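A short write-up of the structure that comes next.
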Amino acid sequence: MADVRVTVNEQVYQITCGEGEEDRVTALAQYLDGHIQHLTSNIGHIAESRLLMLAGLTVCDELFAAREQLSAGRPQPDPALELLLHDAAERIERLTTALQTEDAQGENPAS
């Protein structure tokens, strides 16, 4: 396992990930942070939990739109694409669990 430090909403988090996944986790965090920055510029500062929930919904909306766009031209889903989407969903769940675990343990994310 590897550890990577990412910054989301001006908070630094240490995330444990698989060896070789550090760049991907960093890119995902930067992508999420971009959504958060966009939201805060449009609606101002709100509670972090609500902000993260709204950013998550925005990313999920993008995923659903991409799925719909891909499936619009195909009567049957592409098994390889389904596998990639399933893998991405599992990675998101692992990252979410890691963040929730750190939060529940009362760790200071800024350290």
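Values reported hereafter were calculated over all heavy atoms of this structure, with side chains retained and with hydrogens, waters and symmetry mates removed. For clarity, every value in this text was computed on a predicted model and none was experimentally measured.
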Heavy-atom closest pair, residues [X] and [Y]:
| X | Y | value |
| --- | --- | --- |
| E22 | A2 | OE2-CB, 2.8 Å |
| M1 | E19 | O-OE2, 2.8 Å |
| A55 | L32 | CB-CD1, 3.7 Å |
| L99 | Y13 | CD2-CD2, 3.6 Å |

Before you tell me yes or no, could you show the steps for V6 and L28 under side chain to side chain contact (heavy atoms under 4.5 Å, CB included), namely the whole-Å CA-CA distance, both residues' side-chain angles and the distance that decides it to 0.1 Å? CA-CA 9 Å; V6 299; L28 291 170; over 6 Å; no
What I'd like to find out is whether the side chain of [X] reaches to under 4.5 Å of the side chain of [Y], using heavy atoms alone.
| X | Y | answer |
| --- | --- | --- |
| L54 | I46 | yes |
| V8 | L52 | yes |
| R91 | R94 | yes |

- prompt: Between L84 and I92, is there a shared hydrophobic cluster once you connect ILVMFWY residues whose side-chain heavy atoms come closer than 4.5 Å?
  reply: no
Just verifying a value: how many Å separate [X] [atom1] and [Y] [atom2], rounded to the nearest 0.5 Å?
| X | Y | atom1 | atom2 | result |
| --- | --- | --- | --- | --- |
| E68 | L63 | CD | CG | 10.0 Å |
| T16 | L95 | OG1 | CG | 10.0 Å |
| N9 | L51 | CG | CG | 5.0 Å |
| T58 | M53 | OG1 | CE | 9.0 Å |

- Test item: E62 side-chain N/O and C60 main-chain N/O as donor-acceptor pair under 3.5 Å: no
Under 6.0 Å from the [atom1] atom of [X], do we count more than 12 heavy atoms belonging to anything else shown?
| X | atom1 | value |
| --- | --- | --- |
| E10 | CD | no |
| Q69 | CD | no |
| D23 | CG | no |

Taken in chain and number order and not counting sequence neighbours, the residues that satisfy side-chain hydrogen bond (donor to acceptor under 3.5 Å, both in side chains) with T26 are none
